[in-house]
Amino acid sequence: GDQTITDAATGLMWSKEDSRKGLNWQEALAWVQAQNQENFLGHNDWRLPNAKELQSIVDYTRSPDTTQSAAIDPVFTCTPITNEAGQEDYPCYWTGTTHGESVGRAAIYVSFGRSMGFMFGDWRDVHGAGSQRSDPKIGDPADYPQGRGPQGDAIRIYNFARLVRSIDPQSVR
């Protein structure tokens, strides 16, 4: 009832809601800071999850094509979006995991909807819900009209954010 979801197995507390809009990586970090300054949901130690933590809440039994839902337990709220093919879909979420310095302009995200790419002349789901990829931290998605890489991975740059914080798992048992 407090708009959080606690996972005693991982020792993580998640916000039920997401950022409700796409943010570049720096904006996502600033959004987290703003939530902490506001003592959001009674806590001031929220952060972006790392890639492994975010992957832990993917529900691989769910997807837009199989269950008409995001690949996450319905106890979470997942803001709907329209993807590159014009389909109703669900967003990708930034992690705090960034590439090393040689490619430090990109950060990891996890897809909770279709993982779009431009192949064979049109947009299609090339990796599936739950895939992990990376986007530039800043920039203009219009600079990538047919994606990037061998599968034409969609470059959104404005991914969503979901808050997480570490807790003592013993406190919830």
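Hydrogens, waters and symmetry mates are skipped; everything else that's a heavy atom, side chains included, is used.
No side-chain heavy atom of E88 sits under 4.5 Å from any side-chain heavy atom of T82. Taking 4.5 Å as the limit, some side-chain heavy atom of V110 sits within range of a side-chain heavy atom of L54. Contact of the E17 side chain with the R162 side chain is not registered, since no non-hydrogen atoms from C-beta on lie closer than 4.5 Å. Here the side chains of L29 and W94 are not in contact, with every heavy-atom distance at 4.5 Å or above. Looking only at side-chain heavy atoms (C-beta outward), C92 and R156 come within less than 4.5 Å of each other. The side-chain heavy atoms of V164 and L12, taken from C-beta on, include a pair separated by under 4.5 Å. With a 4.5 Å cut-off on side-chain heavy atoms, T6 and I167 count as touching. For the pair R105 and P136, the minimum side-chain heavy-atom distance is 4.5 Å or more.
To the nearest 0.5 Å, atom OG1 of residue T79 and atom CZ of residue R20 are 7.0 Å apart. In this structure, CZ on F160 lies 6.0 Å from CG on D18, to the nearest 0.5 angstrom. The distance from atom CE of M119 to atom CG of D153, rounded to the nearest 0.5 Å, is 9.5 Å. A distance of 5.5 Å separates OH of Y158 from CD of E27, quoted to the nearest 0.5 Å. Note: S19 OG to N159 CG = 9.0 Å, rounded to the nearest 0.5 Å. Atom-to-atom distance recorded for E84:CD and Y144:OH is 14.0 Å, nearest 0.5 angstrom.
Judged purely by atom type and a 3.5 angstrom limit, S134 has no side-chain atom pairing as donor or acceptor with the backbone of A107. Judged by distance alone, with hydrogens and angles left aside, the side-chain atoms of D89 form no donor-acceptor pair with the main-chain N or O of N83 at under 3.5 Å. With hydrogens and angles disregarded, a donor-acceptor distance shorter than 3.5 Å links the side chain of T98 to the backbone of A106. Without hydrogens or angle criteria, E38 side chain to Q35 main chain gives no donor-acceptor distance under 3.5 Å.
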For D73 and I57, what are the C-alpha separation, side-chain angles and deciding distance, and is it a side chain to side chain contact (heavy atoms under 4.5 Å, CB included)?
CA-CA 8 Å; D73 190 293; I57 62 171; over 6 Å; no

Start with the C-alpha distance between M116 and V126, add both sets of side-chain angles, then the distance that settles side chain to side chain contact (heavy atoms under 4.5 Å, CB included), and finish with yes or no.
CA-CA 6 Å; M116 302 300 286; V126 295; over 6 Å; no

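Contact record, I155 with P141: O-CB, 3.4 Å, taken as the closest heavy-atom pair. Of all heavy-atom pairs spanning G113 and S111, the tightest one is O-OG, 2.8 Å. Considering every non-hydrogen atom in both S115 and D125, the closest pair reads N-OD1, 3.0 Å.
Side chains of D65 and S63: no donor on one and acceptor on the other come within 3.5 Å. If you check the side chains of N50 and T95, you find no donor sitting under 3.5 Å from an acceptor. Side chains of K16 and T4: a donor-acceptor N/O pair is absent below 3.5 angstrom, by distance only.
Here ring pair (Phe, Tyr, Trp, His ring centres under 6.0 Å) pairs that include residues 110-134, with residues two or more places apart or in two chains, are Y93-F112, F118-W123.
Hydrophobic clustering of Ile, Leu, Val, Met, Phe, Trp and Tyr side chains at less than 4.5 Å, counting indirect connections, keeps W25 apart from I157. Each of L48 and I5 belongs to its own hydrophobic cluster when Ile, Leu, Val, Met, Phe, Trp and Tyr are linked at side-chain heavy-atom distances under 4.5 angstrom. In this structure, I108 is not a member of the same hydrophobic cluster as L23, with clusters built from ILVMFWY side-chain heavy atoms closer than 4.5 Å. Linking ILVMFWY residues whenever their side-chain heavy atoms come closer than 4.5 Å, directly or via other members, places F40 and M13 in the same cluster. Under the 4.5 Å side-chain heavy-atom criterion for Ile, Leu, Val, Met, Phe, Trp and Tyr, V32 and W14 are members of distinct hydrophobic clusters.
Not counting sequence neighbours, the partners of Y109 by the side chain to side chain donor-acceptor pair (under 3.5 Å) test are R133. Partners of S69 according to the side chain to side chain donor-acceptor pair (under 3.5 Å) rule, which considers only residues two or more places apart in sequence or in another chain, are R62, T67.
A salt bridge links E53 to R47: at least one charged side-chain nitrogen sits closer than 4.0 Å to a carboxylate oxygen. With salt bridges taken as basic N to acidic carboxylate O contacts below 4.0 Å, one links D122 and R124. The pair R165-D45 meets the salt-bridge criterion, since a charged nitrogen lies less than 4.0 angstrom from a carboxylate oxygen.
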